[in-house]
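For clarity, every value in this text was computed on a predicted model and none was experimentally measured. Values below: all heavy atoms of this structure, side chains included; hydrogens, waters and symmetry mates excluded.
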Amino acid sequence: MSVRKLKPITPGQRFRVVNGFDAITTDKPEKSLLAPKKRTGGRNSQGKMTMRYKGGGHKRRYRIIDFKRDKQGIPATVATIEYDPNRTAFIALLNYQDGEKRYVIAQNGLQVGQNVVSGSNVAPEIGNAMPLNDIPLGTIISCIELRPGQGAVMARSAGSFAQLMARDGKFATVKLPSGEVRMILVNCMATVGAVSNSDHQLIVGGKAGRTRWLGRRPRTRPVAMNPVDHPMGGGEGRSSGGHPRSRKGLPAKGYRTRSKTKASNKYIVERRKK
């Protein structure tokens, strides 16, 4: 994986850094695994704006991803590594021996022609999915379930990974990408390896238009608003805005909003860093 810095032949390309797409092997998605993706523009069923700064963007089709990896014991061959417009990670098309095709999140180092399998008692190799019970301690993992059979919900974005730290009884201790250390049931599935496209964080848009292509509209700074619109608005001249807070007045930048009585607090061994 690599990034390319473009030559400044236009003002928009002067600071542009793009993905090299070295790992991508095809630009044609698997038709049977595509679904339509309807866009809301941040409006609800009444047409009222409920989410600001959304709208426009390039048309996309959704790729149906297998987050559960529940086709156990059947080996699959990696047919292609593909770009997915709906996520930062690359995806891999798996051809199972029984003829079925599925998309999964591609791990770093996953190659076309490689065999992957999911289930208990499989080798802890990159791309294989297995319960936390069977993964050796210290292994780098990603695409982790929080409840058995739920499907992967954690460490799914580009370059992210977690580490299996310990096991005790029915719980495994996992260090998550945020730095949080948490207990997860040992029969939850996880995939061996870090998520692909780790260079995603180095990409620079270069111009405002690229953000519009992603469906994000210009965002107004709260300090530039009037007092009626935001707690940080108003003031004579260029005011700093006072205490940083949200539109509803909740303090921001370091203020902890997590409930002290949340049921899952008992599973968190160490909170994420500020």
Side-chain angles (χ1 to χ4, degrees), residues 1-5 16-30 33-35 37 58 60-71 75-96 101-119 122-130 132 135-136 138-146 151-164 174-179 188-205 210 213-214:
M1 268 171 282
S2 63
V3 291
R4 288 190 302 126
K5 193 170 186 338
R16 179 107 185 267
V17 178
V18 296
N19 202 316
F21 294 113
D22 300 345
I24 300 294
T25 60
T26 180
D27 57 356
K28 296 267 190 301
E30 172 60 38
L33 296 172
L34 292 179
K37 192 170 192 300
H58 201 289
R60 300 174 183 180
R61 284 192 290 176
Y62 184 72
R63 276 77 169 157
I64 298 163
I65 309 285
D66 175 22
F67 287 116
K68 294 192 174 181
R69 297 294 294 269
D70 52 3
K71 211 169 169 66
T77 308
V78 178
T80 57
I81 306 287
E82 299 178 22
Y83 169 77
D84 186 350
N86 306 298
R87 63 193 71 252
T88 54
F90 295 144
I91 55 174
L93 179 64
L94 301 186
N95 288 348
Y96 283 90
K101 294 183 177 184
R102 288 191 184 184
Y103 274 131
V104 295
I105 300 282
Q107 267 61 39
N108 235 344
L110 202 65
Q111 303 286 336
V112 170
Q114 188 175 324
N115 283 341
V116 296
V117 65
S118 62
V122 302
E125 294 168 357
I126 286 177
N128 287 355
M130 57 186 83
L132 292 171
I135 301 175
T139 306
I140 296 295
I141 55 175
S142 56
C143 298
I144 308 160
E145 287 183 335
L146 211 45
V153 292
M154 294 187 295
R156 293 182 354 183
S157 62
S160 63
F161 60 87
Q163 190 173 16
L164 183 61
V174 176
K175 187 171 188 181
L176 299 173
S178 63
C188 287
M189 296 284 281
T191 308
V192 177
V195 181
S196 56
N197 196 16
S198 52
D199 287 335
H200 175 77
Q201 59 181 353
L202 305 174
I203 291 172
V204 180
R210 272 193 65 77
W213 299 344
L214 297 173

Nearest-0.5 Å distance, [atom1] of residue [X] to [atom2] of residue [Y]:
| X | Y | atom1 | atom2 | answer |
| --- | --- | --- | --- | --- |
| T191 | R69 | OG1 | CZ | 5.0 Å |
| D70 | R102 | CG | CZ | 5.0 Å |
| C143 | M154 | SG | CE | 11.0 Å |
| I91 | D66 | CD1 | CG | 12.0 Å |
| Q107 | E125 | CD | CD | 13.0 Å |
| T80 | E30 | OG1 | CD | 8.5 Å |

Nearest heavy atoms of [X] and [Y], plus distance in Å:
| X | Y | value |
| --- | --- | --- |
| S2 | D22 | OG-OD2, 2.7 Å |
| S142 | S160 | CB-O, 4.1 Å |
| V174 | A162 | CG1-CB, 3.7 Å |
| L132 | I141 | CD2-CD1, 3.8 Å |
| A190 | I144 | CB-CG1, 4.0 Å |
| L164 | P136 | CD2-O, 3.8 Å |

What I'd like to find out is whether the side chain of [X] reaches to under 4.5 Å of the side chain of [Y], using heavy atoms alone.
| X | Y | answer |
| --- | --- | --- |
| V153 | F67 | no |
| R60 | N86 | yes |
| V78 | L94 | yes |
| L93 | L33 | yes |
| R87 | V195 | no |
| V116 | L110 | yes |
| R63 | P29 | yes |
| S196 | I81 | no |

[X] side-chain N/O to [Y] backbone N/O, donor-acceptor pair under 3.5 Å:
| X | Y | value |
| --- | --- | --- |
| Q114 | I126 | yes |
| N128 | A123 | yes |
| S118 | K71 | yes |
| T88 | A158 | yes |
| E145 | G151 | yes |

> Between Y83 and F21, what is the ring plane arrangement, given parallel below 30°, perpendicular above 60°, and tilted in between?
Replying inline: perpendicular

>> Looking at K101, I want to see if its NZ is surrounded by more than 12 non-hydrogen atoms of other residues, nucleotides or ligands under 6.0 Å.
In response: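 No, not enclosed.
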
